2 protein chains.
Amino acid sequence: MRNKEREELVGIKEIARRANVSIGTVDRAIHNRPGVAKKTREHVLQIVSELDYQPNLLAQRLATRKTLRIATLIPIGSAETSFWQAPLQGIEQARTELSQHGIVIDPYFYDQDSIGSFVEKTGIILQSEPDGILLAPSFIEESVSFSRTCKRLNIPYVLIDSDLPNNESLNYTGPDLFDSGYLSAHLASYLVQPEDKILIVNISREIDGHHHLLKKEDGFRTYFDKQQTAPAIRKIDIRKTDVESIDNCLSEEFRDTTGIKVVFVTNSRVSTVARYLEKTEKKVLLIGYDYIAENLAYLKKGMIDFLICQKPVEQAYRGIIALYQYLAYGIVPPPKEFMPIDIVTRTNFHVYRN
Amino acid sequence: MRNKEREELVGIKEIARRANVSIGTVDRAIHNRPGVAKKTREHVLQIVSELDYQPNLLAQRLATRKTLRIATLIPIGSAETSFWQAPLQGIEQARTELSQHGIVIDPYFYDQDSIGSFVEKTGIILQSEPDGILLAPSFIEESVSFSRTCKRLNIPYVLIDSDLPNNESLNYTGPDLFDSGYLSAHLASYLVQPEDKILIVNISREIDGHHHLLKKEDGFRTYFDKQQTAPAIRKIDIRKTDVESIDNCLSEEFRDTTGIKVVFVTNSRVSTVARYLEKTEKKVLLIGYDYIAENLAYLKKGMIDFLICQKPVEQAYRGIIALYQYLAYGIVPPPKEFMPIDIVTRTNFHVYRN
DNA sequence: TAAATTTACGGGTACGTACACGATGTATTT
DNA sequence: AAATACATCGTGTACGTACCCGTAAATTTA
């Protein structure tokens, strides 16, 4: 560690010297605060651009003793799926890092099965008057309504996990659902012969609202629509998510249809399908979603062949960082930030970063 | 943006007040600099731990006007492969971010085909007395020798891309080559029938020294060794890297061997194989390495099916960050940081982050 | 034209830490 | 007992920026 070999870093002081004004005036000019003559301001800004002045962010944040408060609203991890632990982890990570920079993050949670809880929490958040909001929307209409309110109150918000129609958020960081379905079909295409059949399985209480699944299915089908020869594709919607109902629906399907070679489950509930296939000793290839404990168990056993993952931890982390950068430095993020579509198998899950 | 609601952040000043000493003494005690009575020091440290004092990193780096200098040494991007542009990009990214924190990064390059250039550059680097070094080793012996010198001079160094035997570096950030070969075999296993044959292709001037390739091949074979039924595996080593030589070698192989269904190329030169296969209109599945322009072109066309990628940009970026954290804050990184093994196809490359 | 007001600008202090220097006190030497 | 050495500690300044406050100059009003 050797001492500074100062490369004459220009600061506000040097600018003041060159412009023959005080540093106070330079400060006002740069932040175009009132109280500086037009001519003086132009002169100062002239020098600022000449010297390509870059403010020292350290000193800046040290001097502005502002505390930015960011509220996050995501579903709470349920017993049925541990998926939402991942985004929460990303939030915690951002919280730890940013606490050094005077950022406070307040996490809020809603019940994915209760619209009321969602509306309730949005009210509480608005009351706390945060400087920015990160939202993982589930209920389309209510979320759109909430986002309008944020817009009106001039509170910037970012979305993760799922985008909203006609969205005007500062940023969306999440998957392109269509593409992930498309990729799944591409993978499936390697696994089937023309005479084989493919089964798409949607498992969700409300498949209409959750257009998640439909977009993935659409992507999946679109891939095969483009091929000249395509296997037969069947699909079932399972609207009761308990084990027994799922077993029944699958049993029925496998009784009626022979030659199913690949099963594509459009969300993280793939483990329940794996459970069924294991129990009934069916030899089919299985593709599903999300790096969660339940699924990994079956991935290791070889019951699940491919998991499509979209870095939920990083989604939340990046969302907050984008918000932070905007609030603290005025950096406007790109409106859409699509996450990579990762393929996780039993031979690479051990080094996967969720 | 609302004003600070100071949550009485404890600083060195508050500690000084409580301990009835000056902030100067607290400073000495914390950094255990000399000049503090044993009793006083203990008292101060007592209070420090009671208050769970966390130094303000902003103020710290603002006050210590040290400039840390990090030298990086990687191969220069050659006409034959653009691979090394990626790590360089990671270096540049780190450089941009860290310039705010008083870190200077000096990139050096060597010619991957010239041991002399490597040795020469290591000499220049040592002469510049950097505070830390990031190295992408190619020549095993010379690199080991260089690392010993660093050790002796007490200059911390980190490795990327490829580890060294008996390595004592501060950190290695890169792929686990064996695992990546193993994964490739797993993918290949979905693509073949028992009667099919698999061809492994090593393309490199010095396959002995470049044990890269051998480790991957080892991982690949190991996978099939564990299976009860395995396809026949053939392999060829191509030691001349010009187009003509590669064409000849491949022609010979495909003339002598029928039923080759999958070709596994153990490095980024897979595009040259794709070129051959395209020209000769062979219908085989192709697996190779690295997200580089040459390969992407064939990926899009469907001539390459899978590319295994290991985030070279991030490797370099993380390596430098690890070095920075160590030099600036004394944070010791984990010795090995294995990168994820990513599977890139023509349906997900557009959102891949190299 | 003098007084009142507004506008423009400089000076000073604070943020939290590091470090040089100087001022104490205590122990050792002559 | 005085002189010296040394250990211990406090003070002051600096890092680069923000922001408050006071004052001088320019402008308007009486």
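Bear in mind that the values here come from a model prediction, so they are computed numbers and not experimental data. Letters A, B, ... are given to chains in the order of the sequence lines, protein chains preceding strands, and every chain is numbered from 1. Below, each value reflects all heavy atoms present in this structure, side chains not excepted, and no hydrogens, waters or symmetry copies.
Residue B:K39 places no side-chain N or O under 4.0 Å from the OP1 or OP2 atom of D:dT8. Under 4.0 angstrom from either OP1 or OP2 of C:dC9 there lies at least one side-chain N or O belonging to A:T40. Phosphate contact (OP1/OP2 of D:dA18, side-chain N/O of A:Q60, threshold under 4.0 Å): present.
The A:A37 side chain lies nearest to C:dC9 when the options are C:dC9, D:dG10, D:dC19. When the nucleotides C:dA18, C:dG10, C:dC15 are ranked by their closest atom to the side chain of A:L62, C:dC15 comes out on top. When distances run from any side-chain atom of A:I12 to the nucleotides C:dA18, D:dT8, D:dT17, the shortest one goes to D:dT17. Taking the side chain of A:P55 as heavy atoms from C-beta on, and the options C:dC15, D:dC15, D:dT17, the nearest nucleotide is D:dT17. For A:T25, taking side-chain heavy atoms from C-beta onward, the closest of the listed nucleotides D:dT17, C:dG16, C:dG10 is C:dG10.
Between A:R33 and A:D27 there is a salt bridge, since a side-chain N of the basic residue sits under 4.0 Å from a carboxylate O of the acidic one.
Nucleotide C:dA14 holds its P atom 18 Å from the CG atom of B:N56, rounded to whole Å. One atom, NZ of B:K38, and another, P of D:dC9, lie 14 Å apart when rounded to the nearest Å. As rounded to whole Å, 14 Å separates atom C1' of C:dG12 from atom CG of A:D27. The nearest whole Å value for the distance from the NZ atom in A:K13 to the P atom in C:dG10 is 16 Å. Regarding A:I30, its CD1 atom lies at a distance of 8 Å from the P atom of D:dT17, rounded to whole Å. What separates CD of A:E14 from P of D:dT17 is a distance of 12 Å, to the nearest Å. We find that CD of A:Q54 is positioned 20 Å from P of D:dC15, with the value rounded to whole Å. The distance between atom CZ of A:R61 and atom P of C:dT17, rounded to the nearest whole Å, is 16 Å.
Taking the nucleotide of DNA chain D with the nearest heavy atom to each of A:R33 and B:V21, the more 5' of the two is matched to B:V21. Checking B:R28 against B:H31, the closest nucleotide of DNA chain C that is more toward the 5' end is the one next to B:H31. Heavy-atom distances to DNA chain D give each of B:N20 and A:A59 a nearest nucleotide, and the one nearer the 5′ end belongs to B:N20. With DNA chain C read from its 5' end, the first of the two nearest nucleotides for A:I23 and A:P34 is the one closest to A:P34.
Side-chain N or O atoms of B:Q315 include one that pairs as donor or acceptor with a backbone N or O of B:Q310 at under 3.5 Å. Proximity of a side-chain donor or acceptor of A:E337 to a complementary backbone N or O of A:G174 within less than 3.5 Å is not detected. Looking only at distances, a side-chain donor or acceptor of A:R69 sits under 3.5 Å from a matching main-chain atom of A:S128.
The aromatic rings of A:F118 and A:F146 sit perpendicular, their planes meeting at an angle over 60°, well past the 30° parallel limit.
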